[in-house]
Amino acid sequence: MPIIDLDLLTYNYQLEWKHPKWSKLDGLLGVQYFSQNNDNNPGTQTTPFIPNYNTDRLSVFSVENLTFGKNTVEVGLRFDFETNDVRGREINQEIFRDNYTFTNFTGSLGYVRQLSKNSSFRTNIGTAWRTPNMEELFSFGQHGFKTTYGLLRFKDTNGELSTNEVIPLVQSDTNPERGYKFINEFQTNKNGNTHNMTVYSHFIENYVFDRPIGVFGTIRGPMPAFIFDQVDALFYGADYSWKKAWDNKISSVFGISYLWSRNVKDNTPLINQPPISTNFELKWNQGKVWLLDSSKWMVRPSYTFKQFQAPRTIIPTSLVDGSIELTTNSEIFDFAKATNGYFLLDLSWSFKWKNLNGGVTVQNLFNTTYRDYLNEMRYFANEPGRNLLFTLKYTFKTSNKNE
């Protein structure tokens, strides 16, 4: 018998009009309509993980570009209006209802400068907006290996976590995420080398994240419990990539990414943030080989570092025996230390012969034992070892007698 059994229907319509140039302005106008309807099917004998709901969002937007000489200025504006009608059950199975709306204006301003024939610089400052989704608001109970409570499914009463009623949105301190992002990018392309460097900062008000809160006892033993929470968060990051065409058959791509993040109010690390990672991809296109029309090889080594910004660690036994007590106001923690860094190597070969395409890919060629910091299953198990993938595709072609 399934714990979660639901029907989810989603529609997304978007209409854009690229208008003729208006006083040197080149851009488009658009309208978007998004609709989502969820209905839980009866018979699971559990309180639904998320309630029945109807979400409707209407958006209008405009993007305009103005080019003068080697300079381009881009301006974007967007308005969103969203309504939500929610029907669900309390823990005692009494029906609750909630109806709420969100409205928001967002905008962006960008500038692009063609520095030379081979290089360019672009900068952009803009705002972003996102409403918490239904899981983040109303999730309740067991979901996979853990128990999760949404933003409106719990409250802290004198240091005690209470989950016996759903809080109406207007009576809570839950708010949409609002982001303010500043991006700078430099790109150069010369002699078969393409370098791209991006540096950015991002401040997000009411950042929604999934955080551990404790351990619950079940008939199968202790189960980790999580709540969705909101904090003001600050992010700084940088990405660098280098693409190189060594000749007409061999090319490569190198990339490295770095992200620094912080809980602004408490000046403490956030949980589940991506660590520094690097990767290199080398491709060799052999062209025609023997009977094959084409033969291509790809080798991809990568290294993911240990996350040095991880929050404090509290092992589950300390929570089970009561030696450490937590509330929703406690500092963010994790059940396990950040995983060690790891090296992976993937290798693939693909071919084409007449109408037949195929390939072989070996993931984690060295069968490395590792755990991914961004995968919460790391609490229990390693990531998959060596994995072989085989693909074959045959394309049928029909003849036209009139040709």
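- A parallel orientation is assigned to the rings of Trp22 and His19, their planes being inclined by less than 30° (bins at 30° and 60°).
- Considering only heavy atoms from C-beta on, Trp260 comes within 4.5 Å of Leu234 through its side chain.
- The backbone N or O of Lys249 sits less than 3.5 Å from a side-chain atom of Asp247, completing a donor-acceptor pair.
- More than 12 heavy atoms of other residues, nucleotides or ligands lie within 6.0 Å of NZ in Lys146, so this atom counts as buried by the packing criterion.
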Residues Val112, Asn71; criterion side chain to side chain contact (heavy atoms under 4.5 Å, CB included); working and verdict: CA-CA 6 Å; Val112 181; Asn71 307 281; over 6 Å; no
From CA spacing to verdict: salt bridge (Lys or Arg N to Asp or Glu O under 4.0 Å), Asp334, Arg211: CA-CA 8 Å; Asp334 201 351; Arg211 61 175 285 187; over 6 Å; no
Check against side-chain hydrogen bond (donor to acceptor under 3.5 Å, both in side chains), Gln32 and Arg78: CA-CA 10 Å; Gln32 183 183 43; Arg78 182 184 178 98; 2.6 Å; yes
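- A parallel orientation is assigned to the rings of Tyr13 and Tyr11, their planes being inclined by less than 30° (bins at 30° and 60°).
- At a threshold of 4.0 Å, the pair Glu136-Arg130 counts as salt-bridged, since one of the basic side-chain nitrogens sits closer than that to a carboxylate oxygen.
- The backbone N or O of Thr268 lies less than 3.5 Å from no partner atom in the side chain of Asn263, so there is not a single donor-acceptor pair.
- Between Phe186 and Ser119 the shortest side-chain heavy-atom distance falls below 4.5 Å.
- Side-chain atoms of Phe228 and Thr148, non-hydrogen and from C-beta on, do get closer than 4.5 Å to each other.
- Distance alone, capped at 3.5 Å, is enough to place a donor-acceptor pair between the Asn175 side chain and the Asp173 backbone.
- No more than 12 heavy atoms of other residues, nucleotides or ligands sit less than 6.0 Å from atom OH of Tyr236.
- Here the side chains of Leu8 and Gln36 are in contact, with some heavy-atom distance below 4.5 Å.
- The closest side-chain heavy-atom distance from Pro51 to Phe96 is below 4.5 Å.
- At distances below 3.5 Å, at least one donor-acceptor pair connects side-chain atoms of Asn375 with backbone N or O atoms of Met377.
- Side-chain atoms of Gln187 and Glu185 form no donor-acceptor pair, as typed in the model, at a separation below 3.5 Å.
- Checking Asn189 against Asn118 by side-chain atom types alone, no donor-acceptor pair falls below 3.5 Å.
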Verdict with reasoning, Thr67 to Asn65, per side-chain hydrogen bond (donor to acceptor under 3.5 Å, both in side chains): CA-CA 7 Å; Thr67 301; Asn65 297 284; over 6 Å; no
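- Between Val231 and Ile204 there is no side-chain heavy-atom pair separated by less than 4.5 Å.
- For the 3.5 Å distance criterion, the side chains of Asn196 and Thr198 qualify, holding a donor opposite an acceptor.
- At least one donor-acceptor pair closer than 3.5 Å links the side chain of Gln309 to the backbone N or O of Leu259.
- Because its NZ or CZ atom is not both nearer than 6.0 Å to the ring centre of Phe121 and within 45° of the ring axis, Arg113 does not count as a cation-pi partner of that residue.
- Using a 3.5 Å distance cut-off with no hydrogens or angles, the side chains of Trp349 and Ser295 do pair a donor with an acceptor.
- You'll find the side chain of Pro275 reaches within 4.5 Å of the side chain of Thr304, heavy atoms only.
- Taking the ring axis of Tyr200 as reference, the NZ or CZ atom of Lys181 stays within 45° of it and closer than 6.0 Å to the ring centre.
- The closest side-chain heavy-atom distance from Ser261 to Gln273 is below 4.5 Å.
- In Trp353, the CH2 atom is not crowded: 12 or fewer heavy atoms of neighbouring residues, nucleotides or ligands sit closer than 6.0 Å.
- Defined by atom type and a distance below 3.5 Å, a donor-acceptor pair is present between the side-chain atoms of Ser59 and Asp80.
- A 6.0 Å sphere centred on CH2 of Trp290 holds no more than 12 heavy atoms belonging to other residues, nucleotides or ligands.
- The aromatic rings of Phe235 and Tyr207 sit perpendicular, their planes meeting at an angle over 60°, well past the 30° parallel limit.
- Asn54 and Asp56 share no side-chain donor-acceptor pair at under 3.5 Å.
- Although no hydrogens or angles enter the test, the distance criterion places a donor-acceptor pair under 3.5 Å between the side chain of Lys352 and the main chain of Lys354.
- In plain terms, the two heavy atoms of Arg378 and Tyr373 that are nearest each other are NE-O, 2.9 Å.
- Between the side chains of Asn267 and Arg262, at least one donor N or O sits under 3.5 Å from an acceptor N or O.
- A donor-acceptor contact under 3.5 angstrom links the side chains of Asn184 and Thr123, judged on distance only.
- Here the side chain of Glu177 pairs a donor or acceptor atom with the backbone of Val208 at under 3.5 angstrom.
- Between the Asn40 side chain and the Pro48 main chain, no donor and acceptor come within less than 3.5 Å of each other.
- A salt bridge links Arg57 with Glu82; the closest basic N to acidic carboxylate O contact falls under 4.0 Å.
- Heavy-atom contacts from other residues, nucleotides or ligands closer than 6.0 Å to CZ of Arg386 number more than 12.
- With hydrogens and angles ignored, the 3.5 Å screen pairs no side-chain donor or acceptor of Asn37 with any backbone N or O of Thr10.
- For Asn382 and Arg371, the side-chain atoms include at least one donor-acceptor pair closer than 3.5 Å.
- In this pair, Phe145 and Tyr379 present their aromatic rings perpendicular. The plane angle is above 60°, beyond the 30 to 60° band.
- Ring pair Trp246/Trp242 is perpendicular by interplanar angle, where above 60° counts as perpendicular and below 30° as parallel.
- The closest donor-acceptor contact from the side chain of Asn99 to the backbone of Val86 lies at 3.5 Å or more, if one exists at all.
- Shown here for Thr361 and Ser348, the closest heavy-atom pair between the two residues is OG1-CB, 3.4 Å.
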Steps toward ring pair (Phe, Tyr, Trp, His ring centres under 6.0 Å) verdict (Phe61, Phe79): CA-CA 6 Å; Phe61 57 90; Phe79 172 75; over 10 Å; no
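- Atom NZ of Lys243 is surrounded by 12 or fewer heavy atoms from other residues, nucleotides or ligands within 6.0 Å.
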